[in-house]
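Nothing here was measured: the structure is a model prediction, and the numbers come from that model. Note on naming: letters A, B, ... go to the chains in the order of the sequence lines (proteins, then strands), and numbering restarts at 1 for each one. Worth knowing before you read on, the calculation uses all heavy atoms, side chains too, and leaves out hydrogens, waters and symmetry mates.
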Amino acid sequence: MWLESHAGLGPLPGLFPDLAALRAAPPAKLWPVADPDLRWLDDLNPAQREAVTYGEGPLLVVAGAGTGKTRTLAYRVAYLVAQGAPPERILLLTFTRRAAEEMLSRAEGVLRRAGDVRGRAWGGTFHATASRLLRLHGQAAGLSPDFTVLDGGDAEDLLGLLRHELGLASRDRRFPRKATCLAIYSRAVNGTEDLSTVLARHFPWTAAWEDELRTLFRAYVDRKKRLRVLDFDDLLLYWREMVADPALARELSAQFDHLLVDEYQDTNRLQAEILRGMRIGNDNVTVVGDDAQSIYRFRGATVRNILDFPREFPGARIVALEENYRSTMPILRTANALIAQARERYTKNLWSPRERGPRPLLVACRDERAQDEFVVGEVLARYEAGVPLRNQAVLFRAAHHTASLEVELARRGIPFRKYGGLKFVETAHIKDALAFLRVAENPRDELAWFRILELLDGVGPVTVSRALAHLAQHGHRPEAIAFFSGPSASREDLERLGKLLAELRGDLPLPAQVERVRRFYEPLLTALYDHAPARLRDLESLEVIASGYSSRRSFLADLQLDPPESAADLAGPPHLDDDWLVLSTIHSAKGCEWDAVYLIHAADGFLPSDLATGSEEEIEEELRLVYVALTRAKTYLTVTWPLRYAYRRWGAADAHGYAQLCRFFTPAVRETMEEGTAGGDVGTPSEGHGVTRFDGAARIRARWG
DNA sequence: ACTAATGTCCTTTTT
DNA sequence: GGACATTAGT
């Protein structure tokens, strides 16, 4: 399970069949829809129907943006069930649990319409599914079933702890930060690359620390084992270890008749290996993906998985979905022109029966403030023209790109919800509250102990270490914390904590457990954090969420692996009939669609991010990212970029520089768009071609009133 | 032993 | 503006 074990594998050797050539294979015969129970198949176009009704064996669906991929997968699940496959023997792997929910409920809807009511298929992310399978079968792989899962923050904290313990923190040259350490580790594990390759290719500035990093990672692996915790990567690693065992692989494979994988272009090598191992005995795998939308290379994803699929699963049928039902032709023309710059590409241009519609708008804004005002003006104009806020989305490369926009939205009283960036469970107070439950669940979870104990007066790292030793001496019974002799200021709290943990370990229903935690934690929270009322409300929401669960274990697993997207307190004031504007990172916008999309900060340095322009491959990924952003729009697409931006770095107060339009908007792309400026005289000598001026909001009304 | 204050370097995307 | 190491103060 250690890094060296997957060293030196490199990309798989061999010749890969060209996808385009494979696609030209003779079409499979369509199943006739004579059966009245299958009338619903008429909802589908020929390519979709071919994918849906494909029989046994491997199937690769290459589905361009907006071509009805979700619907196809949902119908396929419904079809398989209608053909007699027991739902609980179908496994649907998606990128988020929400995507799985969406598809499974749509499949259920289809079946219900046909009068077929049966159980639900298995569905979820690779990670969530791993967690479930490891609870069921992990003991065979030497895993204790009471393991807890570390989220990214916990994993970083553990690395930070070890980084300190190993004395790597104070050296003359600065050692990589804990977040960087985790990124390196994760990259090595997910890409199944060895450490020196990862360092050289993706983190060259840390290459001098290779030996120390290796020591750190070794300690990290050991410690996780001792604490009975798994990080996100371990979930996949242990799953892979399970299927590497022939007997276990057979057992796991036999549990499912069909496997379906969504967003296959964003899976990594590890996930491909797992998929292969889960299909011993039969080859019933459907994968759906679009190489033009691969945007998770940084997480080790490779398009190679799609390309290699026919080789991994010989005899695979390939079906391409090319008709777009989402966007108008003018939007697709821009998207097609943009993605035409990609070096490697297998999907064709998209076309849509929706011929008519406004051309996408490219707007040069005077500065960030003008951009904010322009976007808000457009959003409101469209809102008044009848497009609800929730059918409009502002997309951006990095979470912090919306800082000033959020202020403007709050000032104007426009409710919004932000996706990507900090999540509900990542806020300090929710993490604190969950730490109590984690300790009750897995008393060896030192990270949870650190969180809890450091809340107490007079307790710091040194005291926590003593407390942990004390606990170990008492058989890791968490209630033993009551008679740990800590600093006098914490005496009383320690006793109360011991009582609380004893209660949690009893047979209290989960919502009551959360309520006890809340009562213990409230005074600490109020003393320690600002915005206490908002945080207390979050704790109440946590109690509500808990009421949907019967077991603490599944509650914790779900919250760690698929947390609610956005914190309620990050949203604006909840009025306007529960309508809100969507702000989302492009990554989080994957799979979504909106009537109106605004892509902001389309300037080099922001998009592509200047941190992602180091190599050809990275730049290609940024191009695909822009492609994903553009293809989210159904009817209205607006791209903005600020010409002038203030330096955020420390230093001169009002220093500013001039931005350049995102490099992917070449003349060929701009030809498909309409251009304008916002915010008065922008004074750009270099970007002057074809720029016309207009007042954004008024113009919007005139165009689409 | 812990907390607050100060100085220095880096600043993405997510399960 | 945040993360993190170091230093000074309680």
Side-chain angles (χ1 to χ4, degrees), chain A residues 93-99 124-131 149-153 155-157 160 163-164 168-180 182-183 186-187 189-190 202 205-206 230-236 263 266-268 270-271 294-301 395-401 403 419-423 425-426 453-454 456-466 486-490 528 557-563 565 584-590 601 605-614 618 621-622 624-625 628-629 647-650:
Chain A
L93 294 165
T94 53
F95 213 72
T96 62
R97 196 194 298 280
R98 267 166 311 293
T125 59
F126 270 89
H127 294 85
T129 306
S131 160
V149 175
L150 304 182
D151 68 11
E156 280 179 14
D157 289 347
R163 185 173 170 274
H164 235 258
L168 298 166
S170 38
R171 299 284 188 90
D172 33 344
R173 278 196 56 239
R174 188 177 281 228
F175 193 75
R177 315 175 5 195
K178 62 185 182 185
T180 311
L182 182 65
S186 191
R187 186 76 199 226
V189 169
N190 280 289
H202 310 294
W205 64 93
T206 63
L230 301 190
D231 64 18
F232 286 149
D233 299 329
D234 288 329
L235 292 167
L236 298 185
E263 310 278 14
D266 285 323
T267 55
N268 58 39
L270 198 47
Q271 289 165 313
S294 156
I295 54 174
Y296 280 91
R297 215 185 72 102
F298 70 92
R299 208 170 80 184
L395 305 184
F396 39 87
R397 172 71 235 258
H400 68 261
H401 288 168
Y419 297 87
L422 196 66
K423 293 193 180 115
V425 284
E426 285 164 358
L453 294 173
E454 289 196 321
L456 273 37
D457 269 349
V459 178
V462 179
T463 311
V464 176
S465 298
R466 277 179 44 230
S488 54
S490 64
L528 282 162
D558 271 14
L559 277 186
Q560 302 273 291
L561 294 169
D562 190 57
E565 274 282 351
S584 173
T585 58
I586 302 173
H587 284 90
S588 295
K590 179 199 224 328
H601 282 298
F606 293 92
L607 182 67
S609 163
D610 50 11
L611 297 162
T613 49
E618 282 178 305
E621 175 140 320
E622 298 286 302
R624 295 191 295 268
L625 205 50
V628 168
Y647 283 125
R648 264 157 238 280
R649 315 196 76 123
W650 53 272

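The residue among A:V459 and A:E622 whose nearest nucleotide of DNA chain B lies closer to the 5′ end is A:V459. Comparing A:E621 and A:E454 by the nucleotide of DNA chain B that holds the closest heavy atom to each, the one mapping nearer the 5' end is A:E454.
Closest to the side chain of A:R177, from the set B:dT13, B:dT11, B:dC9, is B:dT11. The side chain of A:H400 has B:dT12 as its nearest neighbour among B:dT14, B:dT12, B:dT15. With distances taken from any side-chain atom of A:A169 to the nucleotides C:dA5, B:dT14, B:dC2, the minimum falls on C:dA5. You'll find that the side chain of A:T125 is closest to B:dT15, out of B:dT15, B:dT14, B:dC2.
At whole-Å resolution of the value, NE2 in A:H202 and P in B:dT12 are 18 Å apart. Between the P atom of B:dT15 and the CD atom of A:E426 lies a distance of 9 Å, rounded to the nearest Å. Rounded to whole Å, atom P of C:dC4 lies 8 Å from atom CD of A:E156. For the pair A:L625 CG and B:dT13 P, the computed distance is 11 Å after rounding to whole Å. When the P atom of B:dT12 is taken as reference, atom CZ of A:R187 falls 16 Å away, rounded to whole Å. Rounded to an integer number of Å, the gap from A:W205 CH2 to B:dC10 C1' is 10 Å. Atom CZ of A:R174 is separated from atom C1' of C:dA3 by 8 Å (rounded to the nearest Å). Rounded to an integer number of Å, the gap from CZ of A:F175 to C1' of C:dC4 is 14 Å.
Base engagement by A:R397 is indicated by at least one non-hydrogen atom pair under 4.0 Å involving a base atom. Counting non-hydrogen atoms under 4.0 angstrom, A:Y296 reaches the backbone sugars and phosphates but no base. If you check every strand for non-hydrogen atoms under 4.0 Å, A:R173 touches nothing.
Rounded to whole Å, the C1' atom of B:dT13 lies 23 Å from the corresponding atom of C:dC4.
For the atom pair A:L395 CG and A:H601 NE2, the distance stands at 13.0 Å (nearest 0.5 Å). Once rounded to the nearest 0.5 Å, the distance linking CD of A:Q560 with NE2 of A:H127 reads 13.0 Å.
A:D233 and A:S186 share a donor-acceptor pair across their side chains, judged by distance under 3.5 Å alone.
OP1 and OP2 of B:dT15 both lie 4.0 Å or more from every side-chain N or O belonging to A:T96. A close approach under 4.0 Å does occur between a side-chain nitrogen or oxygen of A:K178 and OP1 or OP2 of C:dC4. For A:T463 and B:dC2, the shortest distance from a side-chain N or O to OP1 or OP2 is below 4.0 Å. Contact annotation: A:R163 reaches the phosphate of C:dA5 (side-chain N/O to OP1 or OP2, under 4.0 Å). Contact check, A:S588 against B:dT13: no side-chain N or O comes under 4.0 Å of OP1 or OP2.
The pair A:D558-A:R97 meets the salt-bridge criterion, since a charged nitrogen lies less than 4.0 angstrom from a carboxylate oxygen.
When ring centroids are compared, A:F126 and A:F95 stay outside the 6.0 Å threshold. Aromatic ring centres of A:H202 and A:F298 lie farther apart than the 6.0 Å criterion allows.
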